[in-house]
Structures are given as structure tokens and as C-alpha cells.
Amino acid sequence: MLGLNIAAKPLFGLGLQVGLMRKSLVAGNWKMNGNSASIEELVAGILAGAGSSPAEVLVCPPHVYLAQVAAALCDSNVKLGAQDVSVEASGAFTGDVSASMLKDMGCSYVLVGHSERRAIHGESSVLVAQKFVAAQNEGLISVLCVGETLEEREAGNTVAVVSEQFEAVLDLAGIDAMKNAVLAYEPVWAIGTGKTASAEQAQEVHAQLRAVAAARSVEVADGMQILYGGSVKPSNAVELFAMADIDGGLIGGASLQAKDFLGICAAG
Ligand code: 13P
């Protein structure tokens, strides 16, 4: 019961109404790591402990392992997501994977706009918004990632950068789309660097992002899960997830070890 209390955040506007609480979500982004043997072991380890997680649990393997992981998760409560999706439905798009294919493989979530895709693959906010809509059209829940670089933070542009990234999606998909989507704030300077944003730094940006949504709909803003990502570990997850506007985490490196990932889930 204690777990449930920690996992659910009261909503600002509607918090007095019983039952309207935000549940927390802990998502593992495995990036381009693993092989069929290591993934079998990782999933078994996660399944052994995920049942007692106060947070919802999501894993996002590389595309080629989705079927393997889907089969292993079968009737568990652990959700399956992909790391990227094409804007196109089908056709001559070599190497791309469509939202309907992800759905067919058992995915219910997909990451869109991860900073590694924005930076390495040159994905613009407009393209990310189109991917979000492609996922939405297939009933997939997007985990929309936004985040600023160190340069942008030091120039005082954090809020402007993450707002632009978020608003590009809101402009194309509409605010109601966030009823079935998740936002993830991942400061680029904290990803894989061991430098976590402090709980206060993260909370400040999360509150700003919720305010961006609230300008369009207070109700949607209140219900929207906003995850923090960037060097989350079992040792810092409790403090981060305790913040009012942090509803869980998007985990990279630490999601590759079942023990660490479950330790983070326990903080959810
Ligand atoms: P790390 O947890 O390795 O910093 O990665 C965060 C991330 O990019 C998750 O999407």
C-alpha cells in the first residue's frame, strides 16, 4: 500500500477528487545494446522482480529483439515499447519500421524524439511530431523525449528549447493527444554522463513543461506523466521521483542490469 501511495501523484487541479492520480512509469531504453542471450537473461531478471514494482514498467529493446521480448513478457504486466518509428505506413522505406509493425509485434509504447535521434539522425521537431502522429494513429503510446544541450542550458535557453520541442507536437497532434502519450525530459548533458540533473533542476523543467500543456488544457496537463531521464540510478531515483512533477524515469545504462533497473522501479 505504501508503494501505491508513492507511485501515484495527486493532480494539481483535480487532486481532491478520489481516484484521479498520476501513476508513475519506469521505462528502460536499451538503446543499441545486447544480443539474444543477454536479452533473455535481462528479461528474466526483470520479470522476477517487476511484479512488486509500485511503478508501471516498460522495456524498449532494439527492433530486432521485439518479438523475442514480447514472447518472454507474454502475460506479465511489463509493457513493451520500441525505440523509434517511421512516419510512413508502409512501402519503399529501406530500414524503417512502421507503427503498425510495432503494434503487430506487441508494442504498446514507442519512444519518439530521443536526443540521440535528433542529434545523430538529424530529426527535427517537425519530423518528431509526424512520428508522434504516426504512432498515435496506430494506438501506440508515444514517449516524447525533449531536452536541452549543455550549451543551451548555459545560455539560459532550457525552457525555450524544451517548449519548442513539445509545442511542435502539440501544434500537430493537439493537446488531447497527450491523454494517451507520455513526456520525457532528458537533458542531453545528463545522458550517459553520470551527471544527473538535481531533483530541483529536473522539477523546475517538469513544472514548466506541465505549464506548457496547461496553457492548452489544465485537465490534460494534470493527468500527463512526465518522466525524467539522464543518469538515473537506484541511488538517485528516490529523490528525483519524489518531486511533484516527476512521474517516473526513462533509464538508459542502468536499465541493462535487472538489479539496478528493479531498484529504480522500486523508487517509482
Ligand atoms: P542514461 O540513463 O544512460 O543516462 O540514458 C538516459 C537515456 O537516454 C534514456 O533514454
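Atoms within a ligand are numbered from 1 in the order they appear, just like the ligands themselves. Numbering of residues begins at 1 and proceeds along the displayed sequence.
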S.K.: Using modelled atom types only, decide if a donor and an acceptor are shared between the side chain of Q225 and the backbone of R22 within a distance under 3.5 Å.
M.R.: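 The answer is no, because no donor-acceptor pair under 3.5 Å joins these two groups.
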S.K.: Assess the side chains of E151 and W189: does a donor N or O sit below 3.5 Å from an acceptor N or O?
M.R.: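 There is no such pair between these side chains.
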S.K.: Would you say E186 and ligand 1 have an N/O pair spaced under 3.5 Å apart?
M.R.: yes
S.K.: So, the side chain of K23 versus the backbone of D247: is there a donor-acceptor pair under 3.5 Å, distance only?
M.R.: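 No, the answer is negative, given that no donor and acceptor are paired below the 3.5 Å cut-off.
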S.K.: Say whether G229 and ligand 1 are in contact under the criterion: heavy-atom distance to a ligand atom below 4.0 Å.
M.R.: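 Contact absent.
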S.K.: Under 3.5 Å, is there a donor-acceptor pair between the H114 and Q83 side chains?
M.R.: no
S.K.: Specify the protein heavy atom at minimum distance from atom 2 (O) of ligand 1: its residue, its atom name, and the distance to 0.1 Å.
M.R.: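 Checking every protein heavy atom, the shortest distance to atom 2 (O) of ligand 1 gives G252 N, 2.9 Å.
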S.K.: Pick whichever of K31, E116, K195 has a heavy atom sitting closest to atom 8 (O) of ligand 1.
M.R.: K31
S.K.: Any nitrogen or oxygen of I191, side chain or backbone, less than 3.5 Å from one on ligand 1?
M.R.: no
S.K.: With heavy atoms of G253 as the reference, note each atom of ligand 1 found under 4.0 Å away.
M.R.: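 Matching atoms, with element in brackets: 1 (P), 2 (O), 3 (O).
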S.K.: Near G192, which atoms of ligand 1 are under 4.0 Å from a heavy atom of that residue?
M.R.: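 Every atom of ligand 1 under 4.0 Å from some heavy atom of G192: 1 (P), 3 (O), 4 (O).
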S.K.: Checking N236 side chain against S231 main chain: does a donor-acceptor pair fall under 3.5 Å?
M.R.: yes
S.K.: Where does N29 meet ligand 1, judged by heavy-atom distances below 4.0 Å: at the side chain, the backbone, both, or neither?
M.R.: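 Side chain only.
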S.K.: Inspect the contact between R216 and D171 and indicate whether a charged nitrogen and a carboxylate oxygen are less than 4.0 angstrom apart.
M.R.: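 Between R216 and D171 there is a salt bridge, with a charged N closer than 4.0 Å to a carboxylate O.
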S.K.: Would G230 count as being in polar contact with ligand 1, using the rule that some N or O on each side must be under 3.5 angstrom apart?
M.R.: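 For ligand 1, there is no N or O atom that lies under 3.5 Å from one belonging to G230.
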S.K.: Strictly by modelled atom types, are S125 and E164 linked by a side-chain donor-acceptor pair under 3.5 Å?
M.R.: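 The criterion, which ignores hydrogens and geometry beyond distance, is satisfied for E164 and S125.
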S.K.: Checking contacts here: is it the side chain or the backbone of A190 that comes within 4.0 Å of ligand 1, counting heavy atoms only? Could be both or neither.
M.R.: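 Within the 4.0 Å criterion, A190 contacts ligand 1 through backbone atoms alone.
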